[in-house]
Enquirer: 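Below is one structure. I have some questions about it.
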Amino acid sequence: MRITACIFDLDGVIVDTAKYHYLAWKKLTNQLGIHFTEEDNERLKGVSRMASLEIILEIGNIKADENQKHEYATRKNQWYVDYISKMTPDEILPGSLSFIREIRNAGLRVAIGSASRNTPMILERVGISDLFDAVADGNIVKKAKPDPDVFLKAAEMIDTKPERCVVFEDAVAGIQAALNAGMMCIGIGSAEILKQAHFVISGLNEMNLRKLEAFERNEKFL
Ligand code: BG6
Ligand code: MG
């Protein structure tokens, strides 16, 4: 197979943490008197912590200096960490584990490529820290998606050329990052939103090795 590695975004692909990000941002926006909806939260998917805060302050039309921004982001992260520290393996999205185990058994390499600086804690809480050959996350990469950095770093860590990697991503910014890295990309979510992906599925429960091979041959596999 030309595909020799799969790189997975974490939030929204392997675990459903968007709800915790939303609840934590909601607490902050309530304190700041900003009207923040679940629809607004969609704009934060795949976006780094500070860039998310900038979007929220823009929605609320609030000016803040660097110290205040740092304090707001820290406050939000403490609530978020409270939520994710209670996560359990039950919160792994359906089909993720079996697909990753199947491709690993077939000799493919697997890595995480996530903007989140909480990646190690989430992997540990849901019990999958040992499932990946490499983890590239917001702690080691400075430029956020759609910059390709995080995926290029992941590919380098597993010693794989970008054109041999497939990225699984649920965020528009993440799909752009994968394409900017010169990788193939399968979107997780709605085809209307993730238009730029090479193919879109609703979740990893729709994937298996046979379908990955069909994707490589450019066949419709669903
Ligand atoms: C991404 C999420 O994976 O990580 C974003 O989709 C989040 O919503 C970003 O803002 C950064 O996460 P963290 O955990 O470092 O605040
Ligand atoms: Mg995501």
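Indexing begins at 1, ligand by ligand and atom by atom, following the structure's order. Every heavy atom of this structure was used, including side-chain atoms; hydrogens, water molecules and symmetry mates were not.
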Enquirer: Tell me: protein heavy atom nearest atom 16 (O) of ligand 1, and distance?
Expert: R49 NE, 2.8 Å

Enquirer: Below 4.0 angstrom from a heavy atom of Y80, which ligand 1 atoms are there? Numbered from 1 as shown, please.
Expert: 14 (O)

Enquirer: Among the N/O/S atoms of D9, select the one at the shortest distance from the Mg ion (ligand 2) and name it.
Expert: OD2

Enquirer: Which one holds for S116 and ligand 1: side chain close, backbone close, both close, or neither close, with close meaning a heavy atom under 4.0 Å?
Expert: both

Enquirer: Would you call G138 a ligand 1 contact, heavy-atom distance under 4.0 Å?
Expert: no

Enquirer: Using a 3.5 Å cut-off on N or O atoms only, is N118 in polar contact with ligand 1?
Expert: yes

Enquirer: When you measure from atom 2 (C) of ligand 1 to every protein heavy atom, which one gives the shortest distance, and what is it?
Expert: D11 OD2, 3.5 Å

Enquirer: Which residue owns the protein heavy atom closest to atom 6 (O) of ligand 1, what's the atom, and how far is it?
Expert: G46 N, 2.8 Å

Enquirer: Is it the case that ligand 1 has an N or O less than 3.5 angstrom from some N or O of K45?
Expert: no

Enquirer: Salt bridge check: are K145 and E169 linked by an N-O gap of less than 4.0 Å?
Expert: yes

Enquirer: May I ask you to identify the nearest protein heavy atom to atom 8 (O) of ligand 1, giving residue, atom name and distance to one decimal place in Å?
Expert: L44 O, 3.1 Å

Enquirer: Identify whether the distance between the nearest side-chain nitrogen and carboxylate oxygen of R104 and D133 falls below 4.0 Å.
Expert: yes

Enquirer: Report the nearest protein non-hydrogen atom to atom 15 (O) of ligand 1: residue, atom name, distance rounded to 0.1 Å.
Expert: R117 N, 2.7 Å

Enquirer: Do I7 and L123 share a hydrophobic cluster, counting only Ile, Leu, Val, Met, Phe, Trp and Tyr and linking them when any side-chain heavy atoms are less than 4.5 Å apart?
Expert: no

Enquirer: Between E213 and R210, does any NZ, NE, NH1 or NH2 come within less than 4.0 Å of an OD or OE carboxylate oxygen?
Expert: no

Enquirer: Do any N or O atoms from the side chain of R164 and from the backbone of R2 form a donor-acceptor pair under 3.5 angstrom?
Expert: yes

Enquirer: Would you call K211-E216 a salt bridge at under 4.0 Å N-O?
Expert: no

Enquirer: Okay, side chain of T17, backbone of Y20: is any donor-acceptor separation there less than 3.5 Å?
Expert: no

Enquirer: R125 and side-chain contact (heavy atoms from CB on, under 4.5 Å): which partner among E91, K86, M87?
Expert: M87

Enquirer: State whether E192 and K195 are salt-bridged, where the test is any N-O pair (Lys NZ or Arg NE/NH1/NH2 against Asp/Glu carboxylate O) under 4.0 Å.
Expert: no

Enquirer: One residue to check: V47. Relative to ligand 1, which of side chain, backbone, both or neither has a non-hydrogen atom less than 4.0 Å away?
Expert: backbone

Enquirer: About how large, to 10 degrees, is the angle O of D11, then the Mg ion (ligand 2), then OD1 of D170?
Expert: 100°

Enquirer: Looking at S52, which atoms of ligand 1 are within less than 4.0 Å of one of its heavy atoms?
Expert: 10 (O)

